[in-house]
2 protein chains.
Amino acid sequence: MPKLQKLKQQRPKQLKPKREKSEIRKDELIEATLECIACEGLQGATVRKVAEYAGVTNGLIRFHFGSKDEMIQVAYQRLLEGIFQSSLTAVADDKSPPRQRLRQFLKANLSPPIVTAKTVVLWANFLPLTYKDKQMAFIRRAANAKTTALFEDLIEAALSSERKIRSDKGFSEQEYRHLAVKLNSLIDGLWLEGSMAENSSYKKELVEIGLDAASDLMAMNLRE
Amino acid sequence: MPKLQKLKQQRPKQLKPKREKSEIRKDELIEATLECIACEGLQGATVRKVAEYAGVTNGLIRFHFGSKDEMIQVAYQRLLEGIFQSSLTAVADDKSPPRQRLRQFLKANLSPPIVTAKTVVLWANFLPLTYKDKQMAFIRRAANAKTTALFEDLIEAALSSERKIRSDKGFSEQEYRHLAVKLNSLIDGLWLEGSMAENSSYKKELVEIGLDAASDLMAMNLRE
DNA sequence: AATTTTATTATGCAGTTGCATAAATTTATG
DNA sequence: CATAAATTTATGCAACTGCATAATAAAATT
C-alpha cells in the first residue's frame with residue numbers, strides 16, 4: 001500500500017466529535033465508560049480506552065468530568081439507576097393486585113435486562129470500589145435503600161391484601177423487614193449464581209426457582 | 001532525633017528475609033497478597049506493595065511465581081479454600097444428626113470467619129477477574145462446585161432422615177438440586193448484604209434470619 | 001464579520017507498573 | 001573450605017497512567 005495515500009486523505013479527523021452539546025457528550029462518555037468496563041474490566045478502563053470507546057480523545061474527559069474517579073462514580077450511579085428503573089417498570093401497573101405486583105418485581109429481578117452478563121459484570125467490577133471509596137459506598141447504600149424500601153412496600157401490600165382474604169395473623173414491622181431481607185438476599189444470590197452459568201436453560205429455571213423459594217418464604221403462592 | 005544514629009546502625013538489612021525454605025516464603029507471599037488486597041484493593045496490590053507487605057523486595061515475587069497474575073491466581077485459590085475449610089470444619093462431627101449438621105453448616109456460613117469484612121472484601125476484589133480471566137473463572141467454578149456438592153449432600157441427608165421420621169413424600173434429584181440452589185443463593189445474598197452493614201447487631205440477626213428462611217425453604221425446623 | 005465562549009485535540013510530563021537482568025548473599029554439597 | 005546451587009536484592013527499562021497545559025476548532029454572541 002503506497003504511503004502517498006496518507007497525504008491525500010483530507011483529514012477525516014473528527015468523524016464523530018463535531019462538538020456535541022455538553023450534556024449529550026457527557027452522556028456518551030458515561031455509556032462509553034460502562035461499555036469499556038464491561039469489556040475490558042475496571043483495570044482496563046483507562047482514560048484513554050474510555051475515550052477511544054467514545055470516539056474522542058482523552059483530554060475531553062477531563063473537560064467534562066473533574067477526574068477519572070468522578071466519571072467512574074457517575075457511571076456507577078447510572079448503572080444502579082438503570083437496574084432500579086428496570087424493576088420499577090415491572091411494577092408500574094398499579095391496578096394489578098399486590099400479589100401480582102410482587103411477583104412481577106421478583107420476576108424482573110431474575111430476568112433480562114437485570115440478569116444479563118453485562119449487568120452482572122459491571123456490578124462486579126464496581127463492587128470492590130465500594131469497600132475502598134466512601135463515596136462509592138454511599139452510592140451503593142443509597143441505591144440499596146431505595147430497592148429495599150420498594151421491596152418492603154410490595155411485601156407489606158401483598159401480605160395485608162392476602163391477610164384480608166385469609167384472615168391470617170398480622171405481621172410486625174420487624175417481620176416485614178426480615179422478610180424483605182430474605183427475599184432480597186435470595187434474589188441477589190440467585191442473580192449472582194445464575195450469571196455464572198453459561199447455559200441459557202438455567203435462565204428460565206432461575207425465575208422458576210426464585211418464585212418457588214419466594215412462595216415458601218412468604219407463605220403465599222407467587223408462582224403464577 | 002540525631003541523624004548520626006543512622007550511621008551507627010550496622011545494617012539490619014534483612015530483618016526478615018534470612019532465606020526461608022521456598023515453600024514457606026511462597027506461603028508468606030500468598031498471605032501478603034491477600035492482606036494487601038484486603039487493605040489496598042486489587043488496584044493497589046502492586047508487585048512492590050505485596051513485597052513490602054511480605055517484608056521482601058519485589059524481585060522475589062518473580063522468583064517464586066512466574067508472574068503477578070499467577071500469584072493472584074494462587075491467592076484466590078487460597079481464599080476460596082479457606083472459606084470452604086471453615087464450613088467443612090463446621091460439619092466435621094459425623095455423629096450428630098443430619099439436621100444438626102446442615103444447621104451448623106448454614107450457621108458457619110453466616111458467622112465469622114466467613115462473614116468478615118476481610119473475607120468479603122477479598123471475595124469482591126477477586127470476583128471481577130473471574131469474568132475476564134478464564135483460569136480465574138475455572139477456579140471460582142471449581143470451588144463453587146465443591147461447596148454445592150457438600151450442600152446437596154447435607155440437604156439430602158437431612159431430608160431423608162426427617163422423611164423416615166415424618167414419613168413425608170420423597171424428593172426427586174432435581175428437587176434436591178433446586179433446594180441446594182435456593183439455600184446457596186440465600187446464604188450468598190445474606191452474606192453479601194450483611195457485610196455492608198457496619199453495626200454489629202446485624203450479625204446476630206444474620207444467623208437468625210438465615211436459619212429462619214432456610215427452615216421455610218426446607219420445611220424443617222433448623223432454628224435450633 | 002468580529003469576538004467571545006465553549007468544546008476538542010495535541011503534546012508532554014512525572015509517577016507508576018510489571019518484569020528482565022545481573023549482582024550479591026545465603027545455604028547446601030562435595 | 002571450596003564450589004555449586006538456591007535464594008534475595010539492586011537496578012533499570014519500556015510501557016502505561018492520570019492529568020496539566022497550550023493550541024485549535026467550532027459554535028454562540030455581539
Side-chain angles (χ1 to χ4, degrees), chain A residues 6 9-30 32-33 36-37 39-75 125 129 132-133 135-136, chain B residues 9-33 36-37 39-75 125 129 132-133 135-136:
Chain A
K6 201 174 183 181
Q9 287 177 353
Q10 36 197 13
R11 19 183 22 239
K13 255 186 189 174
Q14 62 274 30
L15 283 172
K16 189 184 221 174
K18 261 189 188 170
R19 198 157 182 241
E20 301 269 6
K21 199 182 271 179
S22 186
E23 284 308 308
I24 294 176
R25 179 49 44 91
K26 212 167 173 177
D27 220 68
E28 287 176 357
L29 286 172
I30 294 170
T33 303
C36 185
I37 294 175
C39 295
E40 322 271 353
L42 190 66
Q43 319 251 6
T46 66
V47 169
R48 283 165 235 260
K49 261 278 193 285
V50 170
E52 190 185 319
Y53 269 70
V56 297
T57 50
N58 54 51
L60 202 55
I61 285 175
R62 252 287 276 179
F63 179 75
H64 288 284
F65 301 92
S67 66
K68 183 198 172 185
D69 284 350
E70 197 180 315
M71 186 175 65
I72 297 286
Q73 270 181 34
V74 178
N125 271 279
L129 298 183
K132 269 224 87 182
D133 188 321
Q135 309 199 53
M136 292 294 278
Chain B
Q9 288 175 354
Q10 35 196 11
R11 17 185 19 242
K13 255 187 188 171
Q14 61 275 28
L15 281 172
K16 190 180 220 173
K18 263 190 185 171
R19 195 155 184 244
E20 300 271 5
K21 199 182 271 179
S22 189
E23 285 308 310
I24 294 176
R25 179 49 46 88
K26 213 167 173 176
D27 220 69
E28 287 175 357
L29 286 173
I30 295 169
E31 292 301 327
T33 303
C36 186
I37 294 176
C39 294
E40 322 272 352
L42 191 66
Q43 318 251 6
T46 66
V47 170
R48 282 166 236 261
K49 260 277 192 284
V50 171
E52 190 186 318
Y53 269 70
V56 298
T57 52
N58 53 54
L60 201 54
I61 286 176
R62 252 288 276 180
F63 178 76
H64 288 284
F65 301 92
S67 65
K68 184 198 172 185
D69 285 351
E70 197 180 313
M71 186 176 66
I72 296 286
Q73 271 180 33
V74 179
N125 272 278
L129 298 182
K132 270 224 88 183
D133 189 319
Q135 308 200 52
M136 291 294 277

Could you list the protein-to-nucleotides 12-17 of chain D atom pairs, N/O on both sides, closer than 3.5 Å?
none

Between P on D/dT9 and CD1 on B/I61, what's the gap in Å once rounded to a whole number? 11 Å

Can you identify which nucleotide, out of C/dA7, D/dT7, D/dC19, has its nearest atom closest to the A/S67 side chain? D/dC19

Considering all heavy atoms, the nearest B/K132-A/G41 contact: CD-N, 4.1 Å

Nucleotide C/dT6, atom P - distance to NZ of A/K26 in whole Å: 14 Å

Mind checking what makes side-chain hydrogen bond (donor to acceptor under 3.5 Å, both in side chains) contact with A/D27, not counting sequence neighbours? A/R78

Sequence neighbours excluded, the answer for side-chain hydrogen bond (donor to acceptor under 3.5 Å, both in side chains) partners of A/E40 is A/Y53

B/F63 has an atom CZ; how far is it from atom P of D/dT9, in whole Å? 11 Å

Out of C/dA10, D/dT8, C/dA7, whichever nucleotide has its closest atom nearest the side chain of A/T57: C/dA10

Counterpart residues, side chain to side chain contact (heavy atoms under 4.5 Å, CB included), relative to A/Q43 (two or more places apart): B/L42, B/Q43

Between A/K26 and A/H64, which heavy-atom pair has the shortest distance, and what is it? CE-O, 3.5 Å

At less than 4.0 Å, is any side-chain N or O atom of A/H64 found next to OP1 or OP2 of C/dT8? Yes or no. yes

Determine: side-chain N/O of B/R62 to OP1/OP2 of C/dG18, distance under 4.0 Å, yes or no. no

Which atoms form the tightest heavy-atom contact between A/L29 and A/L60, and what is the distance? CD1-O, 4.5 Å

How many whole angstroms separate atom CD of B/E40 from atom P of C/dT17? 10 Å

For the pair made of CG in B/L60 and P in C/dA24, what is the distance, rounded to whole Å? 18 Å

What is the distance from CE of B/M71 to P of C/dC19, rounded to the nearest Å? 9 Å

Residues that A/R48 engages under side chain to side chain contact (heavy atoms under 4.5 Å, CB included), provided they are two or more places apart: A/T46, A/N58

Rounded off to whole Å, could you give me the CZ-to-C1' distance for the B/R25 and D/dT9 pair? 12 Å

Which residues satisfy the side chain to side chain contact (heavy atoms under 4.5 Å, CB included) test with B/A45, sequence neighbours excluded? B/C36, B/I37, B/V50

Those residues at least two apart in sequence (or on a different chain) that pass side chain to side chain contact (heavy atoms under 4.5 Å, CB included) with B/T57 are none

Atom CD1 of B/I24 and atom C1' of C/dT27: how far apart are they, to the nearest Å? 14 Å

Have a look at the helix from C/dA1-D/dT30 to C/dG30-D/dC1 and give the angle its two end axes make, five pairs each, rounded to 10 degrees. 0°

